[in-house]
Colleague: 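Got a structure here, written out as C-alpha cells. Questions coming.
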Amino acid sequence: MRAFRAAILRFADDGAAVYDEDGLLVVGPDAAGRQVVRAVGPYHALAANFSGVAIEHLPGSIIAPGFIDLHIHFPQVDVIGSPAAGLLPWLENYTFPQEAKFADNAHCGELATFFLDELLRHGVTTALAFATSHPSSVDALMEASQRRGLRMIAGKVLQDRHSPDGVRDQTEQSLIDTESLIRRWHGKDRLGYAITPRFAPSCSEAQLRGAGELAAKYPDVWIQSHVAENLDEIKWARALYPASRSYLAIYDDFGLMRERAIYAHCIHFDDEDRAMMRSTGAAAAVSPTSNLFLGSGFFDYEGADRIGFKYGLASDVGGGTSFSPFHTMLAAYYVGREGQTKPGVSLSPQKLWWQHTAGAAQALGLAGVIGNLQPGCEADFLVLNPAATPLLARKTAQAKSLDELLFSLIVLGDDRAVERCVIAGASGGAP
Ligand code: GUN
Ligand code: ZN
C-alpha cells in the first residue's frame, strides 16, 4: 500500500463535494488485485491506522479524481479549430478527410499515442471515444490504452451511407467487425467496447437494426452516437426516418436506448425526448465547447434537471476546441448561465466538477468504479497544483470557501495545473 497526504477532493453519493484540507489517501490492491482506494479522509483521523505505510506528503497540492471525458473523437486531433458554417459542412470538408487517413495503420498508431499523451496531460483518465470506421483504428487505441493500464471505452464507427469513399463501411461487414472487436476488447483488462453508429443519417436501417441486435446480445457493452446537435442534421434525420416520432426516437426504435447508451449533444429536445432519456436510462454527453464552436446551440440544463435524465461533460474534440476539462467546465458554466431562468441552477463549481468526474461515471454505469476517490474506487487520480501560474496562485490563495477555490481553478486552470496523473496507483500512465 502507498499513501498520499494533501488536500483531497471527492464526492458523496448525492453528488456533494467532500473536501479534506489535510487529507490522507491510501491506495493498494483489493481482493481481485486491482489498485483501489483503500481508505480516505482527514489525515489526523486516519494516519494512526496506517503507520506502517509510506506516506508521500504533498503540501499545497490537491488530490482529485481523474476526469472522465464522456465523448471524444480520437481521430479528430487534427480537426480541432476547423471553422465551418455548421456541422454538416464541417464533417464533409474537414472531418471525413482526416478520418480517411486512418486506413493507414501507422497513422492509427501515431495518433493513438498522441491522443493518450494529450488526455493524460490534461488530467483525463477515462474517455468514451469514437475511433473511425476502420477496425484497426480501434485496435490501435485499445492496444495503446492497455499498455498504459487505462480504463478506456471505444468503438468502430458505423457509417454505411451518406459518407464518402474512405470512411464509408459496408453494412454486413461493419456488424461482423463490431462483434469481433467486442470479443477482442470488451472486458480485457480495463478496456470496454462501445457500439458506435455515427449518427442516424449516416446509417442505413439495416445497420441500425444490426447495431441494436448487438446491443441486446451484449448488454454490458456501451452504445455511443450523436443526436439533436444541429437543425439541418435534425431535418435530414427526420426525412430519412419519417416513421420515428423524433430524431432521438429513431435510436429507440432500433433498440439503441438503454443504460450505458451515451448520446452526444442532446440540444434540440422536447420533453418527450427528455422523458425517453430518463425512462431508458440513456445519458447525454454535454459538449459545450463543440456546441459553441460549431454554432450548434445550447444544452438545456433546466430541461434536463426538470425531467431528470443523466448527463455529464465531454470535450467532443475535434468539434470541441480543447482537451482541457477546465475549459469544458468553464464553457458549461457559460451555457448554464445563458439558459438560466432561476438563479443557481446547475451552475455551482461543485456540480460542474461532478459532471466531469463522478457524474460522468454514473452516466457510464461506473459509479463507485471511477470518477471518485471513495474507498473501493479504482486509483486513477490527479495531483493538482493550485499555484501553477502566478494568477492562479494569487487567486486560489484568497479562496475563502471550496466553491471559490474550485471556481478559480475552473476559470483559470488548464493542463499546467495537472502536476501528476496517477493511473491504477502508478504515476504517468506511460506507454
Ligand atoms: N455528427 C456525426 N458525426 C459527428 C462528429 O464527428 N462530430 C460531431 N460533433 N457531430 C457529429
Ligand atoms: Zn462527436
Side-chain angles (χ1 to χ4, degrees), residues 69-102 111 115 127-134 137 153-164 166-169 194-204 207-208 211 222-238 240-241 247-248 250-251 256 261-268 283-299 311-323 328 331 360:
D69 192 330
L70 264 192
H71 178 79
I72 186 166
H73 297 255
F74 121 73
Q76 293 182 13
V77 166
D78 295 329
V79 181
I80 296 174
S82 301
L87 170 68
L88 300 178
W90 174 83
L91 285 171
E92 194 171 316
N93 296 329
Y94 294 104
T95 306
F96 292 151
Q98 283 294 344
E99 294 196 10
K101 295 183 183 176
F102 286 72
L111 265 288
F115 176 76
L128 175 61
F130 273 54
T132 65
S133 56
H134 314 91
S137 69
I153 308 169
K156 173 205 131 49
V157 172
L158 298 166
Q159 52 181 120
D160 66 351
R161 66 168 171 174
H162 301 136
S163 307
V167 294
R168 193 178 57 256
D169 59 12
I195 298 166
T196 307
R198 179 166 213 119
F199 63 160
S202 75
C203 301
S204 67
Q207 196 174 43
L208 286 185
W222 283 269
I223 297 165
Q224 57 179 347
S225 192
H226 298 91
V227 73
E229 176 179 5
N230 166 286
L231 297 177
D232 292 335
E233 169 219 19
I234 294 170
K235 218 182 291 168
W236 192 22
R238 299 298 311 278
L240 290 167
Y241 289 96
Y247 184 178
L248 182 68
I250 299 168
Y251 297 116
L256 292 164
I262 310 288
Y263 286 90
H265 307 292
C266 302
I267 298 171
H268 308 283
V286 180
S287 309
T289 72
S290 172
N291 297 338
L292 294 168
F293 184 75
L294 291 174
S296 303
F298 303 89
F299 181 75
Y311 57 83
L313 285 174
S315 68
D316 191 30
V317 158
T321 51
S322 173
F323 277 80
T328 301

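No experiment lies behind these values; they were computed from the predicted model shown. Counting starts at 1 for both ligands and their atoms, in listed order.
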Colleague: In terms of relative ring orientation, are His226 and Phe130 parallel, tilted or perpendicular, with 30° and 60° separating the classes?
Modeller: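 The arrangement is tilted - the two ring planes meet at 30° to 60°.
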Colleague: Taking the six-membered ring for Trp, are His71 and Tyr263 ring centroids under 6.0 Å apart?
Modeller: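 Centroid distance His71-Tyr263: not below 6.0 Å, so no.
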Colleague: Is Ser287 reaching over with its side chain to a backbone N or O of His265, donor-acceptor style, under 3.5 angstrom?
Modeller: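 No; zero donor-acceptor contacts below 3.5 Å.
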Colleague: Verify, without hydrogens or angle tests, whether Ser225 (side chain) and Ile223 (backbone) share a donor-acceptor contact under 3.5 angstrom.
Modeller: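 Judged by distance alone, no pair lies under 3.5 Å.
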Colleague: Could you please provide the protein residues found below 4.0 Å of ligand 1 on a heavy-atom basis, arranged by chain and number?
Modeller: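 Within the 4.0 Å shell of ligand 1, which is judged on heavy atoms, sit His73, Gln76, Leu87, Trp90, Leu91, Arg198, Phe199, His226, Glu229, His265, Asp316.
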Colleague: After noting the C-alpha distance and the side-chain angles of Asp316 and Ser290, does the key distance pass the side chain to side chain donor-acceptor pair (under 3.5 Å) rule?
Modeller: CA-CA 6 Å; Asp316 191 30; Ser290 172; 2.7 Å; yes
Colleague: Give me the atom names and distance for the closest heavy-atom approach of Ala331 to Thr289.
Modeller: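 Nearest heavy atoms, Ala331 then Thr289: CB-CG2, 3.7 Å.
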Colleague: Would you give me the side-chain donor-acceptor pairs under 3.5 Å for residues 88-95, sequence neighbours excluded?
Modeller:
unit_1: Asn93; atom_1: ND2; unit_2: Pro89; atom_2: O; d: 3.2
unit_1: Thr95; atom_1: OG1; unit_2: Trp90; atom_2: O; d: 3.3

Colleague: With 2.8 Å as the limit, jot down which protein N, O or S atoms are around the Zn ion (ligand 2).
Modeller: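 Less than 2.8 Å away from the Zn ion (ligand 2) sit His71 NE2, His73 NE2, His226 NE2, Asp316 OD1.
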Colleague: Does Glu99 have any salt bridge (Lys or Arg N to Asp or Glu O under 4.0 Å) partners at least two apart in sequence or in another chain, and if so, which?
Modeller: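 Here the qualifying residues are Arg198.
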Colleague: Can we say Lys156 and Asp169 salt-bridge, meaning some charged N sits less than 4.0 Å from an Asp/Glu carboxylate O?
Modeller: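 Answer for the salt bridge query: yes.
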